Amino acid sequence: MEYNHRDIESRWQNYWRENKVYKTELDKSRPKYYVLDMFPYPSGAGLHVGHPLGYIASDIYSRFKRLQGFNVLHPMGYDAYGLPAEQYAIQTGQHPEKTTTDNIARYRSQLDRIGFCYDWDREVRTCDPKFYKWTQWAFMKMVESYYDTALDKAKPISKLIEHFEKQGTEGVHAACSQELDFTADEWKAMDEKQKSDTLMNYRIAYLGNTMVNWCPQLGTVLANDEVSEGLSIRGGYPMEQKLMYQWCLRVSAYAERLLKGLEELDWTDSLKETQRNWIGRSEGAEMRFPIAGKDVELEIFTTRADTVFGVTFMVLAPESEYVDIVTTPEQRKEVDAYLDSIKHKTERERMIDKKVSGVFSGSYAVNPLTGKEIPIYISDYVLAGYGTGAIMAVPAHDSRDYAFARHFNLPVIPLIEGCDVSEQSFEAKSGKMVNSSNGDFSLNGLEVKDAIAATKKYIEEKGIGKVKVNYRLRDAIFSRQRYWGEPFPVYYKDGIPHLMPESALPLLLPEVDKYLPTETGEPPLGRAKNWVTPEGYPIELNTMPGFAGSSAYYLRYMDPHNDEALVSKEADEYWRNVDLYIGGTEHATGHLIYSRFWNKFLYDLGYVVEQEPFKKLINQGMIQGRTNFVYRIKDTNTFVSLGLKDGYDTTPIRVDVNRVSNDILDLEAFRAWRPEFKDAEFILEDGKYVCGWAVEKMSKSMFNVVNPDDIVERYGADTLRLYEMFLGPIEQSKPWDTNGIDGVSRFIKKLWGLFYKGDNLLVDDSKPSPEALKAVHKLIKKVTGDIETFSYNTSVSAFMVCVNELSAIKCHSREALEPLVIVLAPFAPHVAEELWHSALAHDTTVNDARWPEWNEEYLKESMVNYAVSFNGKARFNIQVAAGTPQAEIEDMAVKNPSSEKWLEGKTIRKIIFVPNKIVNIVVG
RNA sequence: GCUCGAAUGGUGGAAUGGUAGACACGAAGGACUUAAAAUCCUUUGGUCAUUGCGACCGUGCGGGUUCAAGUCCCGCUUCGAGCACCA
């Protein structure tokens, strides 16, 4: 039988599907293992060869764990809500559901051809009402909860209401948008609207007026992680800051737990670091500065409390609510003009524009330590969203304050001994303090670190301020002015938001005539007919963002058909959390934060048993494209090969990589590619046209997209799988380069050659030779170790070495070949399955085999090679029988004729002996 | 600017502090063949030597620790990633 990948692969894929070989059941008698891929957004472009990289890696691990006897949960689904389908719907009028369903079908057929061991009975789609019922349900739970900062967990909002009824805000420990202060009587006196607004200040999912990232082109707000450098990640459109009344999630309440939780996770350091940066914890102090002549205090946040004696002015963010209070009538015009100029700038313009700008408010603040009056300015270099939106400016020790002070001619007071602030600020946090005393309290002579601590202590004692930890992490904006997302189970009665009853879930997404905002500027749901409750109250028009559906999908896979709960107690307690999660780094500050938050929330309420959703996480690298170029001689239709192009004035043109093989252009395919190349002429080198190449993002516009279907068709899924793993370390980004796939293809043919020669079965029951056993057991040991460390590339090499060795000694012994097939099965399941059945004559699937143990006995060498080195420099090798005593080997090394010249006229100082490796003779 | 990571042949990449370059691609030469494809064999880090053994140099740069450094330490350079008027 010849190796025929088409035949073998379709046969086994059918067999697996029809017999539900990979169906997983809850089985308490076996240990569980949960392997998860980040589920894909089914885009219209289909999969390219980069997408399956992580899927192949997780598939190998799943199959490996299964062979080791674990009950493996390995599901797949689709992150089906999202902007591209909706943009497409706007352009074509086609319902996004239709596009999405079509794309999913395409993805599925592409995935199926690669031979994954997913349990498709557990598939989820975020746009499926049976699924999004639980997204809506979790949102409702968040609305009905608040975060107790004393217990450090979410609790039902009813508990908070009880507290208000009894004591007002007295003794309340709750995360909130704004510190409130009212008595029980004041609470009771509030009307329904006031109570609703007050509770919104505490709910974990809340409606709030917040500064949001507004994207006019997309017509929606976006979360911080969907924006980069003032541009939307999707589409790259400019963003504006806008105050809007939006649903938000109080992720910030979980900042400390999200940070702490990282410690116990088996993630890469760089990914943890990314999350730490994003959470952005900074310890400092909050301090109050009275405003001269007014009964108001300015609150600021600083990490450098020690520099309070060097404060020469204060600055407010333009959006700060204090701006109105501190602006004097004389300065009103100037301030308004400044605020106006800021408003007209986009977020991006504000970021690019590093020019110092600002305006004096007319008021002065009083430094609480020195009693001195200092001017209050307004400037956009202070951010409204961080800290209190106001700062104390210490130009001597902060570069931004320094630039501002120089521009407005404000005094600069150096506070650290010997520092030079004539040209720039001194930002190092070391040195001895000077100029820092008010008679009563002095920091002079202290190290910066001690001065910070001393100041914090002092201000707390004097009631000027308090120690405070600030986080960069903001609450997540949860509303999107879009159609293709989960509707909010919220209606409005007299302008007050109410949750629908749980029995109303899932709240189905209504039909609309167009996917655009209404004429009055309302979101697309404003077009839906009868978008009201049975009682006639209007329903929320926003929809939820993409991350809503992806935040708890891993829980749903555990129990995907349950109509009573997101996940049953039993399933949750068995499957617990994801043991291995594989996906890209691009989700580091989005999905991977939101999921952790969501999970911790569900944990607080007792719905799940684990605090963290993803124990171990591997980031597969991106597969970049490898673009090929041809070189057209200017103003001609003649193309010159890479090696000769220097003699001509040429223009490089990207060429479809599928018309190029090993950088050699297929001339006929090129002529047929585009009408303008029909009559193309070529200047060849050695009869070939050699293309240039460059690494770029894999995309249609670069003509460098390689479709896995084509590779599977030509070489087979097993070759694709092995080759993707062979390409390099899984975590590393690398360009897709089809050059080299032949090596893997040859390997499979050689492997096949161990079992069949033509139609003859070669496998026999002879006793394998010691060399054969050694080759196979070396392989088992290597691959077992490699899989645990995800060094799949070296495993593939090990397979090649083993097969070469077995071929060389013509080993066809069943006893040696059987473990080889089992160990290969996770990597190349189709060929392994075929050999298992047809050549090794088993009637089980290879999945039912046991992962083989290696036997150290077989690995022992009869002769051992020692490198003899002098002063660490290896000079020659000696062969000694295994088990020779150390002293004898050392003696052989010294007395060897080759040693003579190295020992000549020298004395042996000592001999260092490394078992099985080296005899190092130190001479001098 | 701060933080993290990386740098090894023509290429992708191997190397628990212990003979650097496994494995693969590419290249060169050869066998088989009328020829090509396929397959197989040999060589392939550099320089010198080549009738033989070989010799020396080599893991971005400069130091250090060690009998021994691609690997550990210190100081740079370059590239990549994350954060960034975050006070």
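Values in this document were obtained by computation on a predicted structure and should not be read as measured data. Per chain, numbering begins at 1; letters A, B, ... match sequence-line order.
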What class does the angle between the rings of A:Phe301 and A:Tyr386 fall in, given that below 30° is parallel, 30 to 60° is tilted and above 60° is perpendicular?
-> perpendicular

Would you classify A:Arg474 as touching base, sugar-phosphate or nothing, given that sugar-phosphate means primed atoms plus P, OP1 and OP2, and contacts are heavy atoms under 4.0 Å?
-> base

Which sits closer to the 5' end of RNA chain B, A:Gly740 or A:Asn871, going by the nucleotide each is nearest to?
-> A:Gly740

Name the closest nucleotide to the A:Lys734 side chain, picking from B:G13, B:C40, B:A87.
-> B:G13

Distance check: side-chain N/O of A:Arg276 vs OP1/OP2 of B:C4, anything under 4.0 Å?
-> no

Select base, sugar-phosphate, or nothing to describe what A:Asp401 touches, counting heavy atoms under 4.0 Å on all strands.
-> nothing

Measure from the side-chain heavy atoms of A:Phe726 and tell me the nearest of B:G18, B:C83, B:G12.
-> B:G12

Pair assignment for B:G54, Watson-Crick or G-U wobble, requiring both distances under 3.5 Å = B:C48

Nearest whole angstrom, please: distance from the C1' of B:A87 to the CZ of A:Arg281.
-> 17 Å

May I have the step-by-step check of side-chain contact (heavy atoms from CB on, under 4.5 Å) for A:Ser425 and A:Asp401, ending in yes or no?
-> CA-CA 9 Å; A:Ser425 59; A:Asp401 296 346; over 6 Å; no

Could you please spell out the steps behind the ring pair (Phe, Tyr, Trp, His ring centres under 6.0 Å) verdict for A:Tyr723 and A:Trp736?
-> CA-CA 10 Å; A:Tyr723 186 57; A:Trp736 174 264; 5.5 Å; yes

So which nucleotide from B:G18, B:A15, B:A24 ends up closest to the side chain of A:Thr794?
-> B:A15

Selection from B:G13, B:U19, B:G18 that lies nearest to any side-chain heavy atom of A:Ile912 = B:G18

Looking at B:C40, B:U19, B:C83, which one has an atom nearest to any side-chain atom of A:Thr589?
-> B:C83

A:Lys910 NZ to B:G18 P, in whole Å, measures 17 Å

Among the nucleotides B:C40, B:A14, B:A87, which one has an atom lying closest to any side-chain atom of A:Pro729?
-> B:A14

May I ask you to verify whether the side chain of A:Asn865 and the base of B:U19 hold a donor-acceptor pair under 3.5 Å?
-> yes

Which whole-number value in Å describes the distance from A:Lys917 NZ to B:A20 C1'?
-> 14 Å

Out of B:U19, B:U3, B:A87, minimum distance to the side chain of A:Glu273 belongs to B:U3

Of A:Gln732 and A:Asp742, whose nearest nucleotide on RNA chain B comes first from the 5' end?
-> A:Gln732

Does B:G30 sit syn or anti, given that only angles within 90° of 0 count as syn?
-> anti

Under 3.5 Å donor-acceptor, A:Thr589 side chain and A:Asp225 backbone = no

With a 4.0 Å cut-off on heavy atoms, is A:Pro735 in touch with a base, just the backbone sugar-phosphate, or nothing at all?
-> nothing

Identify whether any heavy atom of A:Lys749 sits under 4.0 Å from a base atom; if not, whether one sits that close to sugar-phosphate; answer base, sugar-phosphate or nothing.
-> nothing

For A:Ser282, answer base if it contacts any base atom (sugar-phosphate contacts may also be present), sugar-phosphate if it contacts only those atoms, and nothing otherwise; contact means non-hydrogen atoms under 4.0 Å.
-> sugar-phosphate

Answer yes or no: is there an ion pair linking A:Glu856 with A:Lys781, defined by an N-O contact shorter than 4.0 Å?
-> yes

OP1 or OP2 of B:A24 under 4.0 Å from side-chain N/O of A:Asn804 | yes

Can you tell me how far C1' of B:G18 sits from CZ of A:Arg875, to the nearest Å?
-> 15 Å

Minimum-distance nucleotide (side-chain atoms of A:Arg746 versus B:C4, B:G82, B:C25) | B:C25

What's the CE-C1' distance between A:Met800 and B:G13, to the nearest Å?
-> 12 Å

With sugar-phosphate meaning primed atoms plus P, OP1 and OP2, does A:Val801 contact a base, only sugar-phosphate, or nothing at under 4.0 Å between heavy atoms?
-> sugar-phosphate

Nearest to the side chain of A:Arg472, which nucleotide is it out of B:A84, B:U19, B:A87?
-> B:A84

Between atom CH2 in A:Trp736 and atom P in B:G13, what is the gap in whole Å?
-> 14 Å

side-chain hydrogen bond (donor to acceptor under 3.5 Å, both in side chains) between A:Thr585 and A:Asn619, worked out = CA-CA 6 Å; A:Thr585 16; A:Asn619 286 120; 4.9 Å; no

Can you tell me if the side-chain N/O atoms of A:Tyr866 get under 4.0 Å from OP1 or OP2 in B:U19?
-> no

Euclidean distance, atom CG of residue A:Asn739 to atom C1' of B:C25 [Å, nearest integer] | 7 Å

Is it possible for you to check whether A:Arg596 lies under 6.0 Å from the centre of the six-membered ring of A:Trp267, through NZ or CZ, and within 45° of that ring's axis?
-> yes

Where the side chain of A:Asp398 is defined as all heavy atoms beyond and including C-beta, which of B:U19, B:G18, B:A87 is the nearest nucleotide?
-> B:A87

Is A:Ile391 touching bases, backbone alone, or none of the nucleic acid, heavy atoms closer than 4.0 Å?
-> base

